[in-house]
Amino acid sequence: MKNLDVSSFQNDLISWFTKEQRTLPWRQDTDPYKVWVSEIMLQQTRVDTVIPYFNRFIRQFPSIDALAEADEERVLKAWEGLGYYSRVRNLHAAVKEVKEQYGGKVPDTPEAISKLQGVGPYTSGAILSIAYGVPEPAVDGNVMRVLSRILTIWEDIAKPSTRKIFEEAVRQLISHENPSYFNQALMELGAIVCTPTSPSCLLCPVRNHCQAFHQGVQTDLPVKTKNKKQKRVQLAAAILVNEEGKILIHKRPGSGLLANLWEFPNTEMIMPLRNEKEQLGDFLISEWKVEAELKDQIGQIEHIFSHLIWNINVFSGMILSDVEEQANLKLVSLKELEQYALPVSHQKMLKLYLSD
DNA sequence: GATCCGTGGCA
DNA sequence: TTGCCAAGGAT
C-alpha cells in the first residue's frame, strides 16, 4: 500500500484496541450466534441503545434453537423500540434456516452466510472475522470514515458503489493473524477517536499513518452528500374501548413500514380540510365495520422517522357495535396489551390516553 | 442507483 | 429548532 507501512499500521491499531477497547456484552465470547445478534442490532443503531436490548434478547433467546423455536410475536416484542423491525424478522427467518439447513451451526464461508436473510456485505464480514477469524472486510460507516482519512479517499461515502473501494483497501490492509481485532479496531477507533466531527487526532494511535492528519484535512473527510428532507403525513388515530374496557388494536401488514407491529386504528388524512373526526369515523366503519362514538381530540403527536414525519391527531372513543375479531384485529385488555409489540409512536398515544 | 425502513441523542 | 447521525440491507 502506497505511503503506508501496513505491518506497522496493523500493529499500532491492534495494540491500541487490545488495550483500550470498551467492555461490551457481546465481547464476552465469540459465540457466532451472539456475534450475529449483536451485529444485526448494531446496524444504524448506537452502542448505548443496543446494550440493554442485547442483554434481554440473549436472556430470552440464548441459542439458535431457542430463537428458531420462538413465536414471532415474542421476538418482535423483544425488538420493540429498537426500530428497523425487518432486521429481527429477517434474523428470525435466517436462524430457522441455519437450524434446518446447517444443523444449527452458523455457516463460516462468505458464500453461505451471505445468503442468509438480513446478512449483507458488512454483517457477513463482521461475523466471519469476529466469530471465525476469517480475513474478510467488514466495511461500515466507521470504517469508511477512518480509512477515508488515513488514505485520503475523496469518494462520496453516501454512494453505495463507494463501499467496494473501501473493501478493496481493507483486503490490502487487514491482519491475517488477527482479522477479528483488526476489523473491530477500525470500528472502535471510528466510534471513540476518529469521530465524524472534531476527531481526537492527538489521542489517535495511528495518526502517524494518517494522510488526512498530515495534510490537516481530517475534518474535510469523509465526503458525504446530504439526505433528502422527510415528507409530512397527516394521520388521525383512535383509541377505542368497548363496554368491557377492552381496547381495539390492529396488526400492520407483513411488509412495509413497521411491518407486523400492532397499532391503534388510524388513517391518513387525504383531505386535511374535511372534519377529521368524521373521516376517522367513516374509516372505522368502511374498513372494520366498527361503529364508534368519538370524543373530542385528546392530543396530537409528532413522530419522526428517517424518511417521513407523522403528525397524528389522537381521539378516544367508545365502541358501539359488536366487533368481529380477526387475525389482524383484536380486542385486548390493558394488561394483555403488554404482550403486543407497538411502534414508539403508538406507545406515545397510549401514554397520552392513560394520562387523559 | 434511489428509496424505503426506526429511533433517540446531540451540536 | 433543525439537521445529522449510528457497527446496513432489501427492493
**Message:** Within residues 338-349 of chain A, which residues have any heavy atom lying less than 4.0 Å from an atom of DNA chain C?
**Reply:** none
**Request:** Determine which pairs satisfy salt bridge (Lys or Arg N to Asp or Glu O under 4.0 Å) with at least one residue from residues 137-154 of chain A, sequence neighbours left out, and list them in order.
**Result:** none
**Request:** With sequence neighbours left out, write down each residue that passes side-chain contact (heavy atoms from CB on, under 4.5 Å) with A:Q279, or none if nothing qualifies.
**Result:** A:M269, A:M271, A:R274
**Prompt:** Looking at A:Y53, does the NZ or CZ of A:R56 lie under 6.0 angstrom from its six-membered ring centre and within 45 degrees of the ring axis?
**Reply:** yes
**Request:** Can you tell me which residue pairs pass the salt bridge (Lys or Arg N to Asp or Glu O under 4.0 Å) test with a partner in residues 311-327 of chain A, sequence neighbours excluded?
**Result:** none
**Item:** Of residues 157-187 of chain A, the positions that come close to DNA chain C - non-hydrogen atoms, cut-off under 4.0 Å
**Value:** A:M187
**Message:** What residues from residues 79-96 of chain A pass a heavy-atom cutoff of under 4.0 Å to DNA chain B?
**Reply:** A:G81, A:L82, A:G83, A:Y84, A:Y85
**Request:** Using a cut-off of strictly less than 4.0 Å between a heavy atom of the residue and any atom of DNA chain C, enumerate the qualifying residues of residues 117-141 of chain A by number.
**Result:** A:Q117, A:G118, A:V119, A:G120, A:P121, A:Y122, A:T123, A:D140, A:G141
**Prompt:** With a 4.0 Å cut-off on heavy atoms, is A:T49 in touch with a base, just the backbone sugar-phosphate, or nothing at all?
**Reply:** nothing
**Request:** Mind running a 4.0 Å heavy-atom check of residues 249-260 of chain A against DNA chain B and sending the residues that fall below it, in number order?
**Result:** A:G256, A:L257, A:L258
**Message:** Just to be sure I understand the geometry, which residues of residues 53-61 of chain A put a non-hydrogen atom under 4.0 Å away from DNA chain C?
**Reply:** none
**Request:** Applying salt bridge (charged side-chain N to carboxylate O under 4.0 Å, His left out), name anything that partners A:E291, two or more places apart in sequence or on another chain.
**Result:** none
**Complete:** Expected list for residues 190-207 of chain A near DNA chain C, using heavy atoms below 4.0 Å, is A:P196
**Message:** At a heavy-atom distance below 4.0 Å, which nucleotide of DNA chain B is the first touched by chain A, and which is the last?
**Reply:** B:dG1 to B:dG8
